[in-house]
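See structure below.
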Amino acid sequence: MAKIAVIDDWINPSYIKSFERIEYIFLEEDCEKRYISESTHATLIAKILETYATNYTVLNIVLALRMDEDQDIWKVRKALEICETQHVDIVCMSFGTAKISDGRVICDIIKKLYVDNIIMLSAADNQGFYMLPSAMKEVIGIGCDSKQELMPGKYIYNLDNFWNIDITVGDDLNIFTNGKRINPSTSCCVPIAAAYVNQCMNCGIHTQKDVREWLKKKAVIARKTTLKKSKERAACSLPIVASEDFGEKEWMQMIKIMNDNFDIEVMGISQKREINNYQFVLSMNHSLEEILTFVEGYTTADIIFLAGGLGRWKAVTDIQIEKKETGYVCKVCETGKSILKTRMIDLCQVIVEVLS
């Protein structure tokens, strides 16, 4: 029997038929002492699970009594750590953060849960914006069939999706809102996907690879997805910093400095498969126009880091970095001026000054 963690607000047991299957862990003491009479977001999630899943238990990790505002990312980390100690099998997260640097707080615990074969499902953004943790490859990102082409409860398995939306689900909200039509929601698709994973586990399938293969086989269709194309030539107002010499270690060091010292959000684009980090998306299967349009329009990035050869990116690159024995050479593409710096933090300072 799988244990499903619902990291959300409070599941009101008054609305749940099998309320005895629910355990609670409150992250704030005052939540445990209070009571609200109405249904909540997590209550809706639990009702959908109850409709689609069998043979499971629920651990409700309560971030707040009501999810009326953005949640502290450190509180989310604590909830994920609880999933590990409580031997959870499936994690449902119907929330996310658009702030790219927030991923640094949860990245290591997400990877640990992945290695432990804890299946994590997280809602993508309803408007298509970059969202964490759903954009992390260790997490199964859940999208919603906004065009309502799928039967309720059915899903499509997406291949090579740019933002890691692995599954697109047909929602079933009419049942749970007394026939009142409301906008399709990715968060309400997460428990439907969790029910499929639970079914998979009830068949004795538990590893990350095998669960994903099972989901692919059970999908209505498995298909490749494309980004929104622009008819115009690629033009991006976001500055682009490129290097053929940097590996993952150098890029992540630069990103940390940009985040912590200059409050700059970074999105990386990689032409190297060896860079294995949520802040870098792989560009091989997409056009330059598609990538630039999406990063600029659908993320909170202030700057783009490009890993790999310039090639098709040469015309839009602002700064090129070369790694030397004596330090780092920062070449300003527009003027041809080169600046040598021995320390990474000084290099970042130069980049900020040049681009400001």
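Note that this is a predicted model, so its numbers are computed, not measured. The chain is numbered in sequence order, starting from 1.
Side-chain atoms of Asp171 and Ser185 form no donor-acceptor pair, as typed in the model, at a separation below 3.5 Å. Side-chain atoms of Thr97 and Asp102 form a donor-acceptor pair, as typed in the model, at a separation below 3.5 Å.
Within the 4.5 Å cutoff, no side-chain heavy atoms of Gln279 are placed close to those of Phe305. At a threshold of 4.5 Å between non-hydrogen side-chain atoms, the residues Phe262 and Ser356 do not count as touching.
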Exercise. Please walk me through it: do Ile255 and Phe280 pass side chain to side chain contact (heavy atoms under 4.5 Å, CB included)?
Worked result: CA-CA 11 Å; Ile255 288 173; Phe280 279 83; 3.8 Å; yes
For this session: Start with the C-alpha gap between Arg21 and Leu49, add the side-chain angles, then the distance that decides, and say whether side chain to side chain contact (heavy atoms under 4.5 Å, CB included) holds.
Result: CA-CA 12 Å; Arg21 75 169 89 221; Leu49 266 177; over 6 Å; no
Problem set entry | Derivation and outcome, ring pair (Phe, Tyr, Trp, His ring centres under 6.0 Å), residues Tyr278 and Tyr130 | CA-CA 11 Å; Tyr278 79 93; Tyr130 178 86; 7.4 Å; no
For this session: Carefully, step by step, assess Cys200 and Leu215 under the rule side chain to side chain contact (heavy atoms under 4.5 Å, CB included).
Result: CA-CA 8 Å; Cys200 173; Leu215 289 171; 5.7 Å; no
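Classification of Lys47 and Glu50 as a salt-bridged pair fails, no side-chain N sitting under 4.0 Å from a carboxylate O. Salt bridge Glu250/Lys323: present, at least one basic N to carboxylate O contact under 4.0 Å.
More than 12 heavy atoms of other residues, nucleotides or ligands sit less than 6.0 Å from atom CD of Glu20. Within a 6.0 Å radius of NZ in Lys256, no more than 12 heavy atoms belonging to other residues, nucleotides or ligands are found. Counting non-hydrogen atoms of other residues, nucleotides and ligands closer than 6.0 Å to CG of Asp263 gives a total of 12 or fewer. In the displayed structure, Lys331 atom NZ is contacted under 6.0 Å by at most 12 heavy atoms of other residues, nucleotides or ligands. No more than 12 heavy atoms of other residues, nucleotides or ligands shown are found within 6.0 angstrom of CZ on Phe19.
For Asp89 (side chain) and Lys3 (main-chain N/O), a donor-acceptor pair under 3.5 Å exists by modelled atom type. Between the side chain of Asp145 and the backbone N or O of Leu150 there is at least one donor-acceptor pair closer than 3.5 Å.
The aromatic rings of Tyr155 and Tyr196 sit perpendicular, their planes meeting at an angle over 60°, well past the 30° parallel limit. Between Phe129 and Tyr298, the angle of the ring planes lies from 30° to 60°, which puts this pair in the tilted group.
Within the model, atoms CD of Glu138 and CD of Gln208 stand 9.0 Å from one another, a figure rounded to the nearest 0.5 Å. Between atom CD1 of residue Ile264 and atom CE of residue Met258 there is a gap of 5.0 Å, rounded to the nearest 0.5 Å. In this structure, the separation between CG on Leu340 and CD on Glu322 is 11.0 Å, given to the nearest 0.5 Å.
Met120 is connected to Trp74 through a chain of hydrophobic side-chain contacts under 4.5 Å among Ile, Leu, Val, Met, Phe, Trp and Tyr, so both are in one cluster. Hydrophobic cluster membership differs between Met131 and Val281, with clusters built from Ile, Leu, Val, Met, Phe, Trp and Tyr side chains linked at under 4.5 angstrom.
For Asp108, the side-chain hydrogen bond (donor to acceptor under 3.5 Å, both in side chains) criterion is met by Arg77, not counting sequence neighbours. Checked against side-chain hydrogen bond (donor to acceptor under 3.5 Å, both in side chains), Glu84 has the following partners two or more places apart in sequence or in another chain: Lys112.
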